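For clarity, every value in this text was computed on a predicted model and none was experimentally measured. Chain naming here is simple, since letters A, B, ... match the order of the sequence lines and numbering starts at 1 in each.
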Amino acid sequence: MNCHQPKTVGKNINPHKRVALLGMPNTGKSTFFNRLTGGNAFVGNWAGITVDLLQARVKIEDETTEFIDLPGIYDLNGFSEDEKVVQNFLEKFAVDLVIIIVNATQIDRQIRLVLQIKALGFPAILVLNMADEAKHYGVKIEVDELSQRLEIPTFLMSAKYGQNYQRVYEQIVKKIKENNYSFQINNLTDQLLKIGAVLPEKIDQILGGTVIMPSNFLKTFTFKVDSILLHPILGLPLFFLGMFLVFQIVWNIGLPSMDLMGNFTNFLQIYLLESLLKPFPLLIQDFIINGIWNGLATVASFIPLIVLFFIVMAILEDSGYLSRSAYLMDALMSQLGLDGRSFVLQMMGFGCNVPALMGTRIMRSQGLRLLTMLVITFSLCSARLQVFIFLIAATFPNQKGATVLFSLYILSFVAALVAAFLLKGQFKNKEPFVLELPPYRFPTLKQVINRGWGEVLHFLQRASGFIILGCVAVWFLTNLPLGTTGLDTFGGQLGNFLSPIMQPIGIDPYLTLSLLFGFIAKEVVVGAFPVIYGMDATNLSNYIGSTVTWVQAYSFCLFCLLYTPCLTTLATMFNESKSWKYTSFSVIFSFVFAWLVSFIFFQTASFFGFS
Amino acid sequence: MNLSKLKPRKLAFVKEIEKLSHNHHLINRLEAIGIIPNKPIMVLRQAWFGGPLHVRVGSTTEIAIRHQEAKIILLQSIE
Ligand SMILES: Nc1nc2c(ncn2[C@@H]2O[C@H](COP(=O)(O)OP(=O)(O)OP(=O)(O)O)[C@@H](O)[C@H]2O)c(=O)[nH]1
Ligand SMILES: [Mg+2]
């Protein structure tokens, strides 16, 4: 390949035909990708859900074809990290076909990107997605005429509901067979300069007579809902009310579901595991039952709750409310060196901090990105949720549980705000704030199930790796040297050794040990409890309830919420920032911060005589 | 006249985006969102405490934009 040539057109240089999905953010690329490949790419009603390349291979008429789901891109000249991913892709890899996905209801502006891609010379198909919404809003498109003017095969389609999908698919198959050249751009910036800007006259010329847009005063469902949810005074109270109700649901449905799961694992233990283990020596039995099984069973008892939680998250992320919350919170966030998007990413962090950290790629200012990543690690993720539910259920009366849990979510925000306030001088940010507010949508049952199932798989993956590893390590520490128990074991000694730091925040040596391993993954904290105490979940809950006060438990929760993030999170922070200095700063900062917060809470509560 | 001064629910038309030094990325983004000359534009509402504006560009694109950024969007005078 000759690097001086701006474009390369090679005769099928790819071993497999490669098809890329390209378009502006939030146009349904990932939804379409999932339909094409049976994949499970994240879908959400937020501009910037996909921030990395995703590929899948499928057989089309006996020929393996590779599909690539790209991040959304406003502009081929864009400068944010997610846009660079697309630029790099187009420069490094030859493609055999580009499918341009456009939101049909916004064709009046998204046509710009189509014209750019056409001018660059990519072999393309144009998909006008969201046909259902276009019809609903009264956007009228003469598809055939448009296709002729653009000289690109064009289809109106709904990736979500499947309307017209078959025709698009057939066209893709046809194109892949026909095209026997691959296309690659060696210097995108130069090429873009050469083709020049897309002029408004050009857009008018293409759209005039082929597209009719509805009235500017269109009163949609979204418009009506927004007048309530974005109300200048009611907006925020409604947000917090909604959040409170959600955790009420999670608590009141989630907790009984845990008991069911607990009964099931108990049943397995008594009728299967224990009889299988009979022939083995006692120490081995103890290792399997207390070292692995109890820890895993406790963590597993959270599966139904986690599924429920992610169903709620899927609905939230697909609703379009996330961008609204950015709008509501931006005034406050901008005072702290952040913006509304930082708040949204924190909410995404409720699921897992890792995708939220990667989601900061939509930000261009490095200062804003780093500060946002730092506060995302305080976001109460689903793994911490398990720890808190376990402790709250053991130490607080049941009807208070949901409120206590809710208070921890609020504190996770407050901690983020305080941290940002303290650090904003270090992270300069002048990024403009312009954010799309997509219409309200509701996920299909399939989308929700996909999400729940994906999370279960993810969870099982972690359980079989990190969590077992953590539990086994804890078992060894709490059983060696042989013959010792309690504080005489290595684990006990370690806990004791740290007690000058942990005593002042009300955390005893046993609990300290669980936190130590929580560094691997926060689920390990829950998994470690039964291992450390040598009991199954039910007995343990009673035991903790009678030996740990609610003040200690709450202090523990605060510390666990804020202290050093888990390994995967740290690895992601390093990957995204490419800086050891920043990553180690985050570790130390969060540790000191967590300790101070717990200290203030614990000492104040003790001072006023609560214990 | 610029967007940040436009009264809610009044339709106006974009004249141009003011070019300042170092704002060409922002201009690109605004154009991609559909803010180009002659485009109808309307402020739907404003968030509390001087927060962002909720703006409709054309008939089907809605955005949140801070006053700071709205200021550089110049509008045609309405007679
Ligand atoms: N009504 C309707 N909604 C759709 C359709 N296709 C996708 N959506 C919704 O549009 C939103 C965005 O979908 P995604 O597939 O995540 O879009 P994307 O282009 O991958 O977005 P980014 O990864 O952020 O660039 C989600 O809420 C989808 O459910 C469609 O045909 N009709
Ligand atoms: Mg996507």
Side-chain angles (χ1 to χ4, degrees), chain A residues 24 73-75 77-80 103-110 112-113 133-134 137-139 197-198 200 203-204 213-218 220 222-223 226-227 230-233 235-236 323-324 326-335 339-340 364 430-439, chain B residues 3-4 6 8-73 78:
Chain A
M24 289 204 184
I73 183 164
Y74 279 105
D75 199 312
N77 267 321
F79 265 80
S80 55
N103 176 348
T105 70
Q106 300 179 335
I107 187 172
D108 57 326
R109 67 178 175 88
Q110 300 199 353
R112 235 173 77 103
L113 190 63
E133 283 185 2
Y137 295 159
V139 177
V198 178
I203 294 183
D204 288 343
M213 298 298 290
S215 148
N216 302 107
F217 294 94
L218 188 69
T220 54
T222 297
F223 181 85
D226 272 345
S227 61
L230 297 186
H231 190 276
I233 299 164
L236 276 181
S323 338
R324 267 80 187 175
Y327 165 84
L328 291 171
M329 295 300 283
D330 184 66
L332 175 63
M333 303 306 272
S334 68
Q335 300 296 314
D339 73 27
R364 215 164 49 207
K430 278 202 218 131
E431 176 137 336
F433 179 74
V434 181
L435 182 70
E436 266 189 82
L437 304 178
Chain B
L3 183 64
S4 107
L6 187 65
R9 310 281 165 102
K10 285 263 181 295
L11 194 66
F13 292 85
V14 177
K15 191 163 115 205
E16 59 176 334
I17 306 176
E18 198 175 354
K19 293 207 167 48
L20 307 170
S21 54
H22 302 302
N23 77 344
H24 63 280
H25 298 315
L26 175 61
I27 293 180
N28 272 349
R29 179 61 60 91
L30 291 175
E31 284 176 357
I33 278 175
I35 303 182
I36 52 174
N38 296 326
K39 193 82 168 189
I41 197 165
M42 182 161 58
V43 173
L44 295 180
R45 60 177 58 80
Q46 187 189 337
W48 66 342
F49 293 132
L53 299 167
H54 179 182
V55 170
R56 183 183 276 185
V57 183
S59 48
T60 47
T61 300
E62 292 182 13
I63 57 169
I65 182 169
R66 280 191 192 150
H67 277 277
Q68 178 95 26
E69 279 74 59
K71 274 192 190 124
I72 65 164
I73 299 172
I78 326 162

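- Listed here is the closest heavy atom pair of B:Ser59 and A:Leu218: O-CD2, 4.3 Å.
- Counting only distance, with no hydrogens or angles, the side chain of A:Glu436 and the backbone of B:Glu62 share no donor-acceptor pair below 3.5 Å.
- A donor and an acceptor atom, one from each side chain of B:Arg66 and A:Ser334, are nowhere located under 3.5 Å apart.
- Counting only heavy atoms from C-beta outward, the side chains of B:Lys39 and A:Asp108 approach each other to under 4.5 Å.
- Considering CD1 of B:Ile41 and CG of A:Asn216, their distance stands at 10.5 Å, rounded to 0.5 Å.
- Within the 4.5 angstrom heavy-atom criterion, atoms from both the backbone and the side chain of B:Arg45 approach chain A.
- B:Ile63 has its side chain within reach of A:Val434: a pair of non-hydrogen atoms, C-beta onward, lies under 4.5 Å apart.
- The distance from the CG atom of B:Leu11 to the OG atom of A:Ser215 is 8.5 Å, given to the nearest 0.5 Å.
- In terms of heavy-atom proximity, A:Tyr327 sits nearest to B:Gln46 at OH-C, 3.1 Å.
- Using a 4.5 Å heavy-atom cutoff, the side chains of A:Phe433 and B:Ile65 are not in contact.
- Ion pairing between A:Asp75 and B:Arg29 fails under the 4.0 Å rule for side-chain N and carboxylate O.
- Between A:Asp226 atom CG and B:His54 atom NE2 the span is 5.0 Å, to the nearest 0.5 Å.
- Enclosure of atom CD1 in A:Ile233 is not indicated, since only 12 or fewer non-hydrogen atoms of other residues, nucleotides or ligands lie within 6.0 angstrom.
- Here the shortest heavy-atom pairing between A:Ala331 and B:Trp48 reads CB-O, 3.7 Å.
- Between chain B and the residues A:Arg109, A:Gln106, A:His231, the largest count of heavy-atom pairs under 4.5 Å involves A:Arg109.
- In this structure the side chain of A:Phe217 reaches within 4.5 angstrom of the side chain of B:Met42, judged on heavy atoms.
- Counting heavy-atom pairs closer than 4.5 Å to chain A, the top residue among B:Ala70, B:Gly34, B:Ala47, B:Pro52 is B:Pro52.
- There is no contact between A:Ser323 and chain B, counting heavy-atom distances below 4.5 Å.
- No side-chain heavy atom of A:Pro200 sits under 4.5 Å from any side-chain heavy atom of B:Asn38.
- Contact annotation for A:Leu328: only backbone heavy atoms (N, CA, C, O) come within less than 4.5 Å of a heavy atom of chain B.
- Put simply, CZ on A:Arg364 and CG on B:Leu26 are 7.0 Å apart, with the number rounded to the nearest 0.5 Å.
- Only the side chain of A:Met24 comes within less than 4.5 Å of a heavy atom of chain B; its backbone N, CA, C and O stay farther away.
- Only the side chain of B:Leu30 comes within contact range of chain A, judged by heavy atoms closer than 4.5 Å.
- Heavy atoms of A:Glu431 lying under 4.5 Å from chain B belong exclusively to its backbone.
- Atoms OG1 and CE, from B:Thr61 and A:Met213 in turn, are 6.5 Å apart once rounded to the nearest 0.5 Å.
- When heavy atoms are compared at a cutoff of 4.5 Å, A:Asp339 approaches chain B by way of both its backbone and its side chain.
- We find the OH-CD1 distance between A:Tyr74 and B:Ile33 to be 4.5 Å, quoted to the nearest 0.5 Å.
- In this structure, chain A has no heavy atom under 4.5 Å from any part of B:Gln68.
- With a threshold of 4.5 angstrom between heavy atoms, B:Leu53 approaches chain A through N, CA, C or O but not through any side-chain atom.
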